[in-house]
A.B. asks: 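Please see the structure below; I have some questions.
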Amino acid sequence: MNRVYMDANATTPLLPEVVEAMRPYWMEHFGNASSIHQDGQQARTAVDRARETIAGFFNCRDAEVVFNSGGTEGDNTAIFGLLHPGDHFITTSIEHSAILQPAHRMAERGVETTFVAPRPSGLIDPADILRAMRPETRLISVMLANNETGVLQPVEEIGKIAADAGMFFHIDAVQGAGKVAFDVRRFGCHLLSISAHKVHGPKGVGALFVRRGTPLEPLILGGSHERRLRAGTVNTPGIVGLARAAELALHSLEDGTIDRLGALRDRLEAGLLQIPGSSVNGAWDGSKPVPRVANTTNISFERLEGEALVIALDLKGISVSGGSACHSGATEPSHVLMAMGLDRNSALASLRFSLLKTATEADVDYVLKIVPEAVAHLRELSPVAAGTLG
Ligand SMILES: Cc1ncc(COP(=O)(O)O)c(C=O)c1O
């Protein structure tokens with residue numbers, strides 16, 4: 001059975017060009033980029049070149065790029081590296097757990113956090129960020145694109161508000177990178193996290209933009225790597241892979257690939273909305289369409305359990321995600337959809353379809369054939385159909 005992978009927001013496969021770029025750095029050029037001999041210098045040159053590429057991707061100076069282990073580390077570094085007891089932190093209730101959990105930990109250390117809620121559309125209102133500000137607010141962190149709905153947040157406006165107030169601004173750009181044009185100067189941020197594995201690069205590597213002069217303390221202490229901002233022997237193959245993936249992502253933004261992907265997503269969404277009792281989460285703000293990344297749609301199918309549908313589709317060769325999380329054995333609805341005001345059953349009945357940039361018309365045709373059948377079948381079987389889901 002051919003599989004159709006529509007879970008690109010969870011992770012993406014490496015592109016062949018990325019594997020080829022990385023290959024020499026596992027074996028022939030295995031040196032430690034901190035060593036002064038030739039083997040080390042070969043690795044150093046590759047890391048320097050990758051740094052230039054990522055600086056171009058961010059639109060920053062080379063010295064403002066810190067390589068790390070990915071999005072979770074970038075997000076943690078922003079929070080633990082800037083906040084001190086007595087500070088106030090503003091973020092949103094729809095962030096990834098890589099922001100929410102550090103915020104909860106900081107509460108134990110005397111940093112209070114305000115979690116700004118989105119509008120029902122999934123959009124954060126910059127006016128709500130402004131209202132949350134206090135004299136002791138030090139850091140604001142807002143994601144570029146939400147991982148569950150794909151909704152793009154008004155980070156440029158929030159950047160201006162932060163600048164006017166003299167506050168630090170971090171963007172979790174893990175889900176926006178490679179999907180929309182990128183520019184840390186235009187965003188007005190001090191810090192911005194990306195992760196390679198969301199853009200067809202390797203897992204366990206990422207980069208953090210740190211604007212010059214930002215008084216960031218390192219999360220990981222040890223050697224003097226990465227201008228003392230992130231200790232640990234640098235992951236040369238991973239960094240080379242990240243840079244190659246970023247180059248290819250930029251190319252895809254320019255050559256029409258992402259526009260084609262948007263059209264494919266729109267066709268998928270329109271087809272899924274033909275299913276009775278289905279609706280999109282995060283598509284409309286009143287009568288206005290919400291800005292979204294091109295590859296994502298999040299759909300509620302009334303009167304069924306999303307998890308059951310994920311399993312049914314998996315058996316038919318389709319990989320998608322539900323928004324729910326399993327906590328202590330109980331299925332909990334997505335915190336993102338709940339924050340948008342969905343009721344518990346609708347949140348539990350939601351699925352995220354996130355397309356790879358290599359998705360085809362045939363992939364969409366197959367999903368549009370299978371999902372309506374699976375939904376109808378589950379509704380026949382499921383006790384939810386009889387209204388027993390509490
Ligand atoms: C919005 C967002 N932030 C952070 C992360 C964490 O990134 P990583 O997997 O590189 O640690 C993810 C991954 O799902 C994400 O979607």
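Note that ligands are numbered from 1 as they come in the structure, with each ligand's atoms numbered from 1 the same way.
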A.B. asks: Under 4.0 Å from ligand 1, counting heavy atoms only, is it the side chain of N146, its backbone, both or neither?
C.D. replies: neither
A.B. asks: Examine the side chains of D363 and T360 and answer whether a donor and an acceptor come within less than 3.5 Å of each other.
C.D. replies: yes
A.B. asks: If you count the atoms of ligand 1 from 1 in the order shown, which ones are under 4.0 Å from a heavy atom of H197?
C.D. replies: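 Near H197, meaning under 4.0 Å from one of its heavy atoms, ligand 1 has 8 (P), 9 (O), 10 (O).
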A.B. asks: Would you say S69 and ligand 1 have an N/O pair spaced under 3.5 Å apart?
C.D. replies: no
A.B. asks: Hey, is K198 touching ligand 1 through its side chain, its backbone, both or neither, going by heavy atoms under 4.0 Å?
C.D. replies: side chain
A.B. asks: For atom 15 (C) of ligand 1, grab the closest protein heavy atom and report residue, atom and distance to one decimal in Å.
C.D. replies: H96 CD2, 3.3 Å
A.B. asks: For atom 1 (C) of ligand 1, what's the nearest protein heavy atom and its distance?
C.D. replies: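 Nearest protein contact, heavy atoms only, for atom 1 (C) of ligand 1 is D172 OD2, 3.4 Å.
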A.B. asks: Can you find an N or O of E73 that's nearer than 3.5 Å to an N or O of ligand 1?
C.D. replies: no
A.B. asks: Considering only heavy atoms from C-beta outward, does the side chain of L313 approach that of L309 to under 4.5 Å?
C.D. replies: yes
A.B. asks: If you compare all heavy atoms of C60 against all heavy atoms of V65, which two are closest, and at what distance to 0.1 Å?
C.D. replies: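 What the structure gives for the nearest pair is SG-CG2, 3.8 Å.
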A.B. asks: Students often mix this up, so state it plainly: with edges at 30° and 60°, are the rings of F58 and F182 parallel, tilted or perpendicular?
C.D. replies: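 If you compare the ring of F58 with that of F182, the planes turn out parallel.
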A.B. asks: Under a 4.0 Å heavy-atom limit, does T72 contact ligand 1 with its side chain, its backbone, both, or neither?
C.D. replies: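 The part of T72 near ligand 1 is both the backbone and the side chain.
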A.B. asks: Hey, which atoms in ligand 1 end up nearer than 4.0 Å to a heavy atom of D75?
C.D. replies: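 Counting atoms of ligand 1 from 1, those under 4.0 Å from D75 are 3 (N), 4 (C).
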A.B. asks: Let me confirm one number: the CZ-CG distance from R49 to D62, rounded to the nearest 0.5 Å.
C.D. replies: 13.0 Å
A.B. asks: What's the separation between atom OG in S195 and atom CD in Q175, rounded to the nearest 0.5 Å?
C.D. replies: 9.0 Å
A.B. asks: For ligand 1, which atoms have a heavy atom of G70 less than 4.0 angstrom away?
C.D. replies: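 Under 4.0 Å from G70, ligand 1 has these atoms: 10 (O).
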A.B. asks: Please confirm whether the backbone N or O of I94 pairs with a side-chain atom of T92, one donor and one acceptor, at under 3.5 Å?
C.D. replies: yes
A.B. asks: Need the ligand 1 atom indices (1-based, order shown) with element for anything under 4.0 Å from a heavy-atom of M143.
C.D. replies: 1 (C)
A.B. asks: Could you find the nearest protein heavy atom to atom 10 (O) of ligand 1 and give me its residue, atom name and distance?
C.D. replies: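 I find the closest protein heavy atom is S195 OG, 2.6 Å.
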A.B. asks: Looking only at protein heavy atoms, which one is nearest to atom 7 (O) of ligand 1, and what is the separation?
C.D. replies: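 For atom 7 (O) of ligand 1, the nearest protein heavy atom comes out as G71 CA, 3.4 Å.
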A.B. asks: Hey, is CZ on R227 packed in by over 12 heavy atoms from elsewhere, all under 6.0 Å?
C.D. replies: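 Incorrect, the count does not exceed 12.
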A.B. asks: Look at the side chain of T149 and the backbone N and O of N281, then say whether any donor-acceptor pair between them is shorter than 3.5 Å.
C.D. replies: no
A.B. asks: Provide, to 0.1 Å, the distance between atom 16 (O) of ligand 1 and the closest protein heavy atom, together with that atom's residue and name.
C.D. replies: Q175 NE2, 2.8 Å
A.B. asks: Counting from 1, what ligand 1 atoms have a heavy atom of N147 closer than 4.0 Å?
C.D. replies: 1 (C), 16 (O)
A.B. asks: Do S193 and H170 have a side chain donor and acceptor closer than 3.5 Å?
C.D. replies: yes
